[in-house]
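What follows is a set of notes on a single structure, which appears directly below.
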Number of protein chains: 2
Amino acid sequence: MDKAVQQEIDQLHAEICQCLADPKRIAILYALSEGRKNVGELMETLDISRATASRHLKLLRDRSMVTTDRDGVTVYYSLVDHRVIEALDLLRGVLAQILVQRKALAEALE
Amino acid sequence: MDKAVQQEIDQLHAEICQCLADPKRIAILYALSEGRKNVGELMETLDISRATASRHLKLLRDRSMVTTDRDGVTVYYSLVDHRVIEALDLLRGVLAQILVQRKALAEALE
DNA sequence: TTATAATATACGTGCAAGCGTACATATGTA
DNA sequence: TACATATGTACGCTTGCACGTATATTATAA
């Protein structure tokens, strides 16, 4: 494949991945995987401020990871593609494996 | 689960995800998925400078996503867990879907 | 229209990331 | 030891991210 095209794909790919690269956004995505939620619910469940929640949601929406539908004055956010959660679960498995190995290393030191 | 524990897990989870949140690191990870490579090979294949390659590899190694083994003066990098590639592939699928939808939107404008 | 509730954004700040250049370290060889 | 090769790191710089606070915006109801 053309190198420039490959780089542009990697760039877009990285922008998707970057959506996952923040603990609060991870929490938001997992919360949304259980069904649509509005900003107030997310704010309360995840213990973050309104402004912070809004900003993270804006980023996720700008990158098409979530969609919105209004019900009166309330805006509900939903996950667009459940594969995002599958990917997060895979990476959580990777993390678990890493922690197990570190634990083994730590015990070998004793 | 305890909220503080959950937040710490999300933090570690995010650090793993952050490894994927850069186009050059994505290229590096895919390159390593084909087998171990040294810095020079990566630098040449991916068209990045030595220093840049070294720094990205250091980050990936610090977070246990890759391992190294020396052969004389040469350092070979390998992928630790192939699930990272599976996750990247899933997210690439998400990206493809997003681009298809955007294309449909663009065409609807004509 | 005025008030109020739910979201969204602008501003300023502090922090972390990424890069190029230049220097430093480590391994192997004459 | 002196030198060459492959890799790693420090510095300075610029850019982007995340946050709190305060201020819009949007939609409903009185």
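Since this is a predicted model, take the numbers as computed values, not measurements. Throughout, a chain's letter reflects where its sequence line sits, starting with A, and its residues are numbered from 1.
Nearest heavy-atom pair across Leu88(B) and Cys17(A) is CD2-SG, 3.9 Å. When every heavy atom of Ala53(A) is checked against every heavy atom of Val39(A), the shortest pair comes out as CB-CG1, 4.0 Å.
Listed by residue number, the members of residues 67-76 of chain A with any heavy atom below 4.0 angstrom from DNA chain C are Val73(A), Thr74(A), Val75(A). Using a 4.0 Å cut-off on heavy atoms, the residues of residues 40-50 of chain A that approach DNA chain C are Gly40(A), Arg50(A), listed by number. Non-hydrogen atoms lying under 4.0 Å from DNA chain D are contributed by nothing in residues 8-37 of chain B.
Remark: His56(A) is not in phosphate contact with dC17(D), judged by side-chain N or O atoms under 4.0 Å from OP1 or OP2. Not one side-chain nitrogen or oxygen of Asn38(A) sits closer than 4.0 Å to the OP1 or OP2 atom of dA6(C). Under 4.0 angstrom from either OP1 or OP2 of dA8(C) there lies at least one side-chain N or O belonging to Tyr77(A).
Considering only residues two or more places apart in sequence or on other chains, Lys3(A) meets the salt bridge (charged side-chain N to carboxylate O under 4.0 Å, His left out) condition with none of them. Residues satisfying the side chain to side chain contact (heavy atoms under 4.5 Å, CB included) test with Val100(A), not counting sequence neighbours, are none. Asp47(B) pairs by the side-chain hydrogen bond (donor to acceptor under 3.5 Å, both in side chains) definition with nothing, not counting sequence neighbours. Legend: residues meeting side chain to side chain contact (heavy atoms under 4.5 Å, CB included) with Asp62(A), ordered by chain and number and at least two apart, are Lys58(A). Shown here are the side chain to side chain contact (heavy atoms under 4.5 Å, CB included) partners of Thr45(A), two or more places apart in sequence or in another chain: there are none.
The side chain of Arg63(B) lies closest to dA17(C), out of dC19(D), dT21(C), dA17(C).
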Using the 3.5 Å cut-off, write out each protein N or O paired with an N or O of nucleotides 11-13 of chain C and the distance between them.
none

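One atom, NZ of Lys58(B), and another, P of dA26(C), lie 14 Å apart when rounded to the nearest Å. Across the protein-nucleic acid pair, Arg61(A) atom CZ and dT7(C) atom P stand 12 Å apart, rounded to whole Å. Per the geometry, CG belonging to Leu59(B) stands 14 Å off C1' belonging to dT9(D), to the nearest Å. Distance Leu57(A) CG to dA6(C) P: 16 Å, rounded to the nearest Å. In this entry the distance linking CG of Leu60(B) with C1' of dA17(C) reads 14 Å, nearest Å.
For the salt bridge (charged side-chain N to carboxylate O under 4.0 Å, His left out) condition, the pairs that include at least one residue of residues 4-28 of chain B, sequence neighbours left out, are Arg92(A)-Asp10(B). Sorted by first then second residue, the salt bridge (charged side-chain N to carboxylate O under 4.0 Å, His left out) pairs that include residues 69-88 of chain A, not counting sequence neighbours, are Arg36(A)-Asp69(A), Asp81(A)-Arg83(A).
Between His13(A) and Tyr30(B), some side-chain heavy-atom pair lies under the 4.5 Å cut-off. Taking the side chain as every heavy atom from C-beta outward, Gln7(B) and Gln11(B) never approach each other to under 4.5 Å. Within the 4.5 Å cutoff, side-chain heavy atoms of Ile16(B) are placed close to those of Met65(B).
Residue Leu57(B) holds its CG atom at 12.0 Å from NZ of Lys37(B), rounded to the nearest 0.5 Å.
Nucleic acid contact for Thr52(B): sugar-phosphate only, since backbone atoms but no base atoms lie under 4.0 Å from a heavy atom of the residue.
Using a 4.5 Å cut-off between side-chain heavy atoms of Ile, Leu, Val, Met, Phe, Trp and Tyr, Leu90(B) falls into a hydrophobic cluster with Leu90(A).
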